[in-house]
Amino acid sequence: MEHMTAPASRRVLLAAPRGYCAGVDRAVIAVEKALEQYGAPVYVRHEIVHNKYVVQTLEKKGAIFVERTEEVPEGSIVMFSAHGVAPVVHEEAARGKLATIDATCPLVTKVHKEAIRYANEDFDILLIGHEGHEEVIGTSGEAPEHITIVDGPHDVEKVQVRDESKVVWLSQTTLSVDETMETVDALKTKFPLLVSPPSDDICYATSNRQAAVKVMGADSDLVIVVGSKNSSNSIRLVEVALDAGARAAYLVDFASEIDEAWLEGVTTVGLTSGASVPEVLVEEVLEWLTQRGFADVEIVKTAEESIVFSLPKELRRDLRAEAARLIAEK
């Protein structure tokens with residue numbers, strides 16, 4: 001008589017914290033409130049957050065997403081995304097007679113203020129971040145003549161400054177914590193007098209989600225990160241999972257994008273989501289996994305989060321009336 005080997009127990013390790021951070025929650029609610037208070041359409045310059053589902057949901061409610069300020073009709077309301085914008089964008093909005101709502105994440109605004117401060121003190125500012133990312137474009141626009149973008153450790157060798165005694169580093173808020181510190185170490189080797197920002201620029205949510213994935217990834221055969229392909233912090237979670245020891249890690253927007261072949265030989269699936277991902281998308285993945293025998297869910301909790309940001313102050317004003325006045329002033 002043959003002995004049957006019992007199948008290994010299948011489980012899901014669910015990272016906590018995951019999903020929406022305070023800045024994303026604030027930005028999404030701001031769009032919803034603006035539509036509720038002022039009616040459609042409300043224009044949003046660039047995706048309010050980098051998540052396909054969120055953008056599609058807000059479009060159905062009457063939000064119109066544009067890439068350039070010039071696309072917004074005169075006398076309209078336009079909201080700036082959570083990633084922040086350069087001063088030139090505010091100037092474009094003023095020329096276009098637009099009423100504006102600034103939904104920039106307060107933690108991004110903090111980096112903007114640091115850039116302005118150090119530029120005023122005539123420092124060379126080394127901005128660690130991904131060239132072309134909206135947040136980096138916005139921050140560098142605060143002091144373009146002072147800022148050099150450093151896109152990782154490999155970029156350090158070519159960096160040149162005017163005065164090695166007046167150099168400071170700042171960073172994009174959604175980077176890999178480990179890679180950023182690797183870049184900082186390389187910069188400090190080249191510029192021993194390099195000044196650090198008063199507080200860490202990488203946001204609490206980015207750090208917390210990466211910390212949870214480090215713990216979870218070490219015990220996972222497969223890690224699924226729910227998030228969009230243009231989400232910097234979601235992409236970093238995939239990288240962190242692989243570095244932590246996961247055999248494979250993939251980024252998906254929806255449960256329907258998961259390939260069943262990924263589950264071959266897998267007994268432990270790690271699951272997390274980027275900072276711009278609503279929980280409903282994680283729940284759909286959990287349901288998908290449950291249907292395939294991964295019903296045992298264990299929470300891997302590494303931090304508590306209680307930060308809440310107040311909504312943009314512009315939502316307390318009658319922006320339709322302001323926009324009408326701007327048109328009348330022509």
Side-chain angles (χ1 to χ4, degrees), residues 19-51 54-117 134-135 137-139 141-142 173-174 199 203-205 275-276 278-279 305-330:
Y20 271 13
C21 63
V24 165
D25 197 38
R26 172 183 186 262
V28 174
I29 292 173
V31 179
E32 293 172 339
K33 287 284 187 186
L35 288 166
E36 182 184 307
Q37 288 177 207
Y38 310 122
V42 168
Y43 290 84
V44 183
R45 191 184 184 280
H46 193 67
E47 294 183 356
I48 187 69
V49 297
H50 284 157
N51 185 263
V54 170
V55 169
Q56 291 172 348
T57 300
L58 292 172
E59 282 178 331
K60 289 173 185 173
K61 294 180 178 181
I64 297 176
F65 293 90
V66 299
E67 288 303 312
R68 296 179 298 109
T69 316
E70 294 82 3
E71 297 175 57
V72 183
E74 276 194 351
S76 300
I77 295 173
V78 64
M79 185 177 295
F80 301 136
S81 79
H83 311 101
V85 296
V88 66
V89 176
H90 290 276
E91 295 165 10
E92 292 168 355
R95 286 197 300 271
K97 308 293 184 182
L98 305 177
T100 61
I101 303 170
D102 191 352
T104 302
C105 172
L107 299 179
V108 174
T109 299
K110 176 181 83 75
V111 181
H112 280 228
K113 289 179 177 177
E114 289 170 349
I116 294 167
R117 170 194 157 190
E134 286 73 26
E135 183 185 330
I137 293 169
T139 303
E142 293 287 0
T173 63
T174 55
S199 60
C203 90
Y204 76 94
S276 51
E279 186 65 8
E305 292 183 351
S306 57
I307 294 176
V308 178
F309 294 134
S310 59
L311 291 174
K313 62 183 183 299
E314 296 92 339
L315 288 170
R316 298 194 287 268
R317 308 203 305 258
D318 185 349
L319 294 183
R320 289 291 181 207
E322 285 187 24
R325 282 198 298 274
L326 289 170
I327 292 292
E329 290 170 4
K330 287 181 66 175

Kindly write out the residues that satisfy side chain to side chain contact (heavy atoms under 4.5 Å, CB included) with [X], not counting sequence neighbours, or none if the list is empty.
X	answer
Ala94	none
Arg68	Glu70, Glu71
Ser306	none

Closest non-hydrogen atom pair between [X] and [Y], with its separation:
X	Y	value
Val108	Ala82	CG2-O, 3.9 Å
Ser276	Val54	O-CG2, 3.9 Å
Ala27	Val49	CB-CG1, 4.3 Å
Pro87	Gly141	CD-O, 3.3 Å
Val24	Ala275	CG2-O, 3.2 Å
Ile48	Ser81	O-CB, 3.6 Å

* So how far is it from Glu134 CD to Arg45 CZ, rounded to the nearest 0.5 Å? -> 9.0 Å

* Look up atom CG in Leu315 and atom CE in Met79, then write down how far apart they are to the nearest 0.5 Å. =>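 Atom-to-atom, Leu315:CG and Met79:CE are 5.5 Å apart.
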
Who passes salt bridge (charged side-chain N to carboxylate O under 4.0 Å, His left out) against [X], sequence neighbours left out?
X	answer
Glu305	Arg209
Glu322	Arg317
Glu142	none
Glu59	none

* Taking atom types as modelled, find out whether Glu135 and Thr173 have a side-chain donor-acceptor pair closer than 3.5 angstrom. =>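 On atom types as modelled, these side chains qualify, holding a pair under 3.5 Å.
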
Show me, pair by pair, the donor-acceptor contacts under 3.5 angstrom made by side chains of residues 98-107, not counting sequence neighbours?
{"unit_1": "Asp102", "atom_1": "OD1", "unit_2": "Thr104", "atom_2": "N", "d": "3.0"}
{"unit_1": "Asp102", "atom_1": "OD1", "unit_2": "Thr104", "atom_2": "OG1", "d": "2.5"}

* To do: Go through the structure and list residues passing side-chain hydrogen bond (donor to acceptor under 3.5 Å, both in side chains) with Lys61, not counting sequence neighbours.
  =>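 In terms of side-chain hydrogen bond (donor to acceptor under 3.5 Å, both in side chains), with neighbours along the sequence ignored, Lys61 is linked to Glu32.
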
* SB check Lys110 Glu114 (cutoff 4.0 Å) -> yes

* Does the side chain of Phe309 come within less than 4.5 Å of Asp25's, by heavy atoms? -> no

* Within the distance-only criterion (no hydrogens, no angle test), does the side chain of Arg26 pair as donor or acceptor with the backbone N or O of Val308 below 3.5 angstrom? ->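 Looks like no, no N/O pair under 3.5 Å.
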
* To do: Just jot down the ring-ring contact (aromatic ring centres under 6.0 Å, His included) partners of Phe80, sequence neighbours excluded, or say none.
  => His90

* Test ring-ring contact (aromatic ring centres under 6.0 Å, His included) applied to His46 - qualifying residues, sequence neighbours left out -> His50, His83

* Asked: ring pair (Phe, Tyr, Trp, His ring centres under 6.0 Å): which pairs involve residues 19-43, sequence neighbours left out?
  -> none

